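Presented below is the structure to which this report refers.
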Number of protein chains: 2
Amino acid sequence: MNGRSYGGKTQRERQLAREKILLDTGLELFGRDGIAAVSVRKICRESKLTDRYFYASFDSPEALLVAVYLREAKAINDIVMAALLANLDKPITDMLRFGLDRFLARMQNPHIARVMTLEIDVCGERGDQCRDAYVNELSSLLVSVKRQIQPAECCDDALDRWVGIGLIGTMRQLVLEWYRKGYQTPKQTILDASLHIWLSALGIRDT
Amino acid sequence: MNGRSYGGKTQRERQLAREKILLDTGLELFGRDGIAAVSVRKICRESKLTDRYFYASFDSPEALLVAVYLREAKAINDIVMAALLANLDKPITDMLRFGLDRFLARMQNPHIARVMTLEIDVCGERGDQCRDAYVNELSSLLVSVKRQIQPAECCDDALDRWVGIGLIGTMRQLVLEWYRKGYQTPKQTILDASLHIWLSALGIRDT
DNA sequence: CTATTTTGATGACACGCGACATCACATACT
DNA sequence: AGTATGTGATGTCGCGTGTCATCAAAATAG
């Protein structure tokens, strides 16, 4: 056998448990201090794991940050998608409202907000790839929504893709400023501003 | 006299000349490698100045980055404002188009784009303050444009401020992705996408 | 000419870093 | 039982960093 069990846990279980600890610690540290102030030593001190186990899972703090980002991106995706699917029968305006609301609720966690909007941008090539992939994914989702509203006309694919990117940037900046000012503004205001821009850009009459 | 002249230059002249060299070098290094990979030693090696002169002007690489940011922000402001004022007679749509065009032209310099959209966000409290100030300034400008179009109705100041922030975020993300993909997309496409979002969000009929 | 200031080059110091090695102890297998 | 493997604590290595001190050459001032 290649891996002996220990403490009642199989090798894989221990490995995954450690990975989860590292991911949680990473979210905490990156979200609190920023990646510029995080080192392998600090991660290990905070997580009470030896560097051996850090290197077993990740090559560098940057790699850990990317993993944290991917985990949170997936969580957000699941939550928002669930909200969208649960409101498929309602008018598109309400559907988007519920989706954005769940998104903002998630972003009300300052650590998540910081990692998703700030730190991922300064952790090298791999981080850029992930962010681009995620932004493009969201952008495509938006384009498909727009297509559902205006199926025939306005079919400039390239342009619409960039409009989608711009609308993602809208959310990003709103979340960033919201976070930076300590969430003093009510979520509803941020939601209203987002919705206003999104609906008008998608050609839906504002309510 | 407190400062002796040297090489035909007064003390103040030499000081300012060195500061300019440091700002130029900073833009080059921050824009090429990112602040995470820049140190006092590297700045000095690249600029051929001793660390004594670096510390005479700035406390840290972060402080230099902030100074670079402020210089470029002012340059952008001057250029965009000039474009706006030169087209005050034209319809608002065209005015905004010219302003955005000058803005994008500036952002076509990859070093400027990187510093303005990425690096400034991860250089500590002081950098955050500058970015917030700049974003709020631009946001206010947008709000005043909207006020000029719809003076009476829709007077929710708080909401409009956040809409302005969101629209700044639009530009930011568009520039970021444009830069990240090596400016392969024509400037005109980025401009069209920006304008589409801006005009619709400001309640101006799209052309 | 001489004294003072400015400049450039170099070295020194303590510190935190990534990365790896060592060693004693705990648990698991046979 | 005894052997093999997992685990945690600690130490060590070279490196780049921020910061400061030193020293010789160049230019200015009186």
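Because the structure is predicted, anything quoted here is derived from the model rather than measured.
Using a 4.0 Å cutoff on non-hydrogen atoms, the parts of residues 19-47 of chain A near DNA chain C are A:Ser39, A:Val40, A:Arg41, A:Lys42, ordered by number. Taking every heavy atom of residues 6-17 of chain B and every atom of DNA chain D, pairs under 4.0 Å involve B:Tyr6, B:Gly7, B:Gly8, by number.
For A:Arg114, the side chain to side chain donor-acceptor pair (under 3.5 Å) partners two or more places apart in sequence, or in a different chain, are A:Glu119. Taking the side chain to side chain donor-acceptor pair (under 3.5 Å) definition, one finds that B:Asp132 meets it with A:Arg180, sequence neighbours left out. For B:Gln11, there are no side chain to side chain donor-acceptor pair (under 3.5 Å) partners, not counting sequence neighbours. Contacts of A:Lys187 classified as salt bridge (charged side-chain N to carboxylate O under 4.0 Å, His left out), with partners at least two apart in sequence or in another chain: A:Asp101. Residues forming a side chain to side chain donor-acceptor pair (under 3.5 Å) with A:Gln129 (at least two apart in sequence, or on another chain): A:Arg126.
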Distance-only donor-acceptor hits, side chain of residues 69-77 of chain B, under 3.5 Å, sequence neighbours excluded:
from, atom 1, to, atom 2, distance (Å)
B:Arg71, NH1, B:Asp24, OD1, 3.1
B:Arg71, NH2, B:Asp24, OD1, 3.0
B:Lys74, NZ, B:Asp78, OD1, 3.4
B:Lys74, NZ, B:Asp78, OD2, 2.9
B:Asn77, ND2, B:Glu137, OE2, 2.9

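For the ring pair (Phe, Tyr, Trp, His ring centres under 6.0 Å) condition, no pair includes a residue of residues 97-129 of chain A, sequence neighbours left out. Pairs passing the ring pair (Phe, Tyr, Trp, His ring centres under 6.0 Å) check and including a residue from residues 161-191 of chain B, sequence neighbours excluded, read B:Trp178-B:Tyr183. For residues 31-41 of chain B, the salt bridge (charged side-chain N to carboxylate O under 4.0 Å, His left out) pairs, not counting sequence neighbours, are B:Glu28-B:Arg32, B:Arg32-B:Glu46.
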Do any N or O atoms of the protein come closer than 3.5 Å to N or O atoms of nucleotides 20-24 of chain D, and which pairs are they?
from, atom 1, to, atom 2, distance (Å)
D:dC20, N4, B:Asp51, OD2, 2.9

